[in-house]
Amino acid sequence: MRQKNAFSIFYLALVFFLGLALAPQLFSQKAPKDKLALTPPMGWNSWNRFGCDINEKLIREIAEAMVTSGMKDVGYTYVVIDDCWMAPNRDKQGNLQADPERFPSGIKALADYVHSKGLKLGIYSSAGTKTCQGYPASLDHEENDAKKFAEWGVDYLKYDNCYNQGRDAVERYQKMKKALEATGRAIVFSICEWGQNRPWLWAPEIGNLWRTTGDIQNSWESIMYILDQQVGLSKYARPGAWNDPDMLQVGNGGMTTTEDRAHFSLWCILAAPLMAGNDLRHMTEVTREILTNKEAIKVNQDPAGIQGYKIRDEGNQEVWIKPLKSGDYAVLLLNRGEKSAFIVIQAEKIGMPQASKYVVRNLWSHKEEITGGRIAARVPSHGIAMFRVHSVSSPR
Ligand code: GLA
C-alpha cells in the first residue's frame, strides 16, 4: 500500500514538473516579432539631419547626447544608422562590411558602445540590390546579412525599398522577416516600402512598423501632406505593429516652434514611432522640451496601442482623438489656417461617457481645468492644442 502511494506521488510530481517546464512553450505562441515594439519604438535616426554625412564618432556622440539630454529617461532607446554606413563592396566572404574610413572600429564595437549607454543600435539596408544611395543591399543575401546584424548586436533593422528589381514586396520583406527570426535575436523590423503596396494590409504580420508614405520633408506642407495620408489607417495599428508616417523633423529648422510642436503632438496622437531626426548634440532648449514632453509621450506610448483618428474636419480646423487604456481620451485641436482660430468640442461628441464633470488637462501648459465637457482653445496658426480628458463622476 505504502509503495503504491509513493508511486502515485512520484507520478504526480513528474506531471507537475513536466507541466512547469512545458508551460512557457504552451502559453507563449506569439511569434518573436509580436513581443517587440509593444508600444511605438522611440529613438533617433541619422537620415533627416545628416544624410550620408555620418561616421562612428557622430553616432557615439548622439548616443551620449541621448542620455545627457534626458531623452533616454523619457523613453528614447534606438540609435539608428541609416543609409551610407557600408563599404562600397561586400568582403571576400560576401558579408556586408562597414565603411573602413567612416566606421573604422566596425559595427560590433559601435553596438557595444551604444549598449554600454543602456541604449540599442539600429541599422539600415534595402530589400533591393542596392541601398537608395547605391551601397550593397540585402536582396538575395537575407540570411547572411541578418546573421551578421545579429552577430554585431544590432537591435533594429530599417529595411528600404530601392533597387527592388520589380520583385514582389511581400516576398522580399517576408524573406528578411524569416531571416531575422532565424537568428534568434530580438530585432525590431522596420519596413520602409513608402506605402506603395498598401503595406498596412500585409506588413502587420511581417514587421513591427511600416512606412505609409514617401519621405518626409522639413516643412509644414510635408507634415500636413503626410497627416492626410494617415486617414483610415488607424485600424491596422496594434501593439507590435505600427503605421510609420516617417521620422521627426522637430528641431531641424524648417518649421517654427509652433509647427514643430504640432508635428510632434500629431505623431503622438497617431501612435507613430518617435524617431528624432535632429542633431541631439546641439539642440535648443525649446526643441529639447518638445521632444521630451512626458505627457505627450505618454499618449503616444499608451499600452492600449490605439492609433488616433480624425473625428472632425472643417477645412482648416480638425479634431483628432486617441482613446487611452484608462478610459481617458487624448484630444488634439489642429488649426491649419493662416490665422488663429477658436476650436471647441464637447466630451460627449468624442464618445466619452456622459458625466457631470471632466478634467481637461492641457498637455503643453500642464494646466488642468474642470468643465462640464467643453474642450476648447484658441489655437495659433499652424498650431495645436492637446488635452487629456478624464471623466470624474459616475454617469448621470
Ligand atoms: C529612402 C528612405 C529614407 C532614407 C533614404 C536613404 O528614401 O525612404 O527614409 O532611408 O532612402 O537613402
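As a basis for the values below, the full set of heavy atoms in this structure was taken, side chains included, without hydrogen atoms, waters or symmetry mates. Counting starts at 1 for both ligands and their atoms, following the listed order. Position 1 is the first residue of the sequence, and the numbers go up from there.
Looking only at atom types and distance, the side chain of Trp85 has no donor-acceptor partner in the side chain of Ser46 under 3.5 Å away. A donor and an acceptor atom, one from each side chain of Asp83 and Tyr135, are nowhere located under 3.5 Å apart. Looking at Ser222 and Gln217, their side chains never bring a donor and an acceptor atom within 3.5 Å of each other.
Ionic pairing of Glu143 and Lys147 is not present here: no N-O contact between side-chain nitrogen and carboxylate oxygen is shorter than 4.0 angstrom. Of the charged side-chain nitrogens involved, none lies within less than 4.0 Å of a carboxylate oxygen, so that Arg172 and Glu193 do not count as a salt-bridged pair. Between Arg238 and Glu205 there is a salt bridge, since at least one side-chain N of the basic residue sits less than 4.0 Å from a carboxylate O of the acidic one.
Numbered from 1 in the order shown, with element, the atoms of ligand 1 that lie under 4.0 Å from a heavy atom of Arg211 read 8 (O), 9 (O). Those atoms of ligand 1 that come under 4.0 Å of a heavy atom in Lys158, given as number and element, are 3 (C), 4 (C), 9 (O), 10 (O). Per-residue contacts place Gln133 under 4.0 angstrom from the following atoms of ligand 1 (heavy atoms of the residue considered): 12 (O). Near Asp82, with a cut-off below 4.0 Å to any heavy atom, the atoms of ligand 1 are 4 (C), 6 (C), 10 (O). The ligand atoms of ligand 1 that sit less than 4.0 angstrom from a heavy atom of Tyr124 are 6 (C), 10 (O), 11 (O), 12 (O). Less than 4.0 angstrom separates some heavy atom of Trp194 from each of these atoms of ligand 1: 2 (C), 8 (O). For ligand 1, the atoms lying closer than 4.0 Å to a non-hydrogen atom of Cys132 are 1 (C), 11 (O), 12 (O).
An N or O contact shorter than 3.5 Å is missing between Asp246 and ligand 1 by distance. In terms of polar-atom proximity, defined here as any N/O pair under 3.5 Å, Trp47 makes no such contact with ligand 1.
Under a 4.0 angstrom heavy-atom cut-off, Asp215 registers as being in contact with ligand 1.
Closest approach of Ala127 and Tyr173 over heavy atoms only: CB-CZ, 4.0 Å.
With respect to atom 12 (O) of ligand 1, the closest heavy atom belonging to the protein is Asp83 OD2, 2.8 Å. In terms of protein heavy-atom proximity, atom 11 (O) of ligand 1 is closest to Asp160 OD2, 2.8 Å.
The only member of Leu333, Leu332, Val344, Ile375 that meets side chain to side chain contact (heavy atoms under 4.5 Å, CB included) when paired with Val319 is Leu333.
In this structure, Lys130 is positioned above the aromatic face of Tyr163, its NZ or CZ under 6.0 Å from the six-membered ring centre and within 45° of the axis.
With a 4.0 Å cut-off on non-hydrogen atoms, Cys192 touches ligand 1 through its side chain and not its backbone. Neither the backbone nor the side chain of Asn161 comes within contact range of ligand 1; no heavy atom lies under 4.0 Å.
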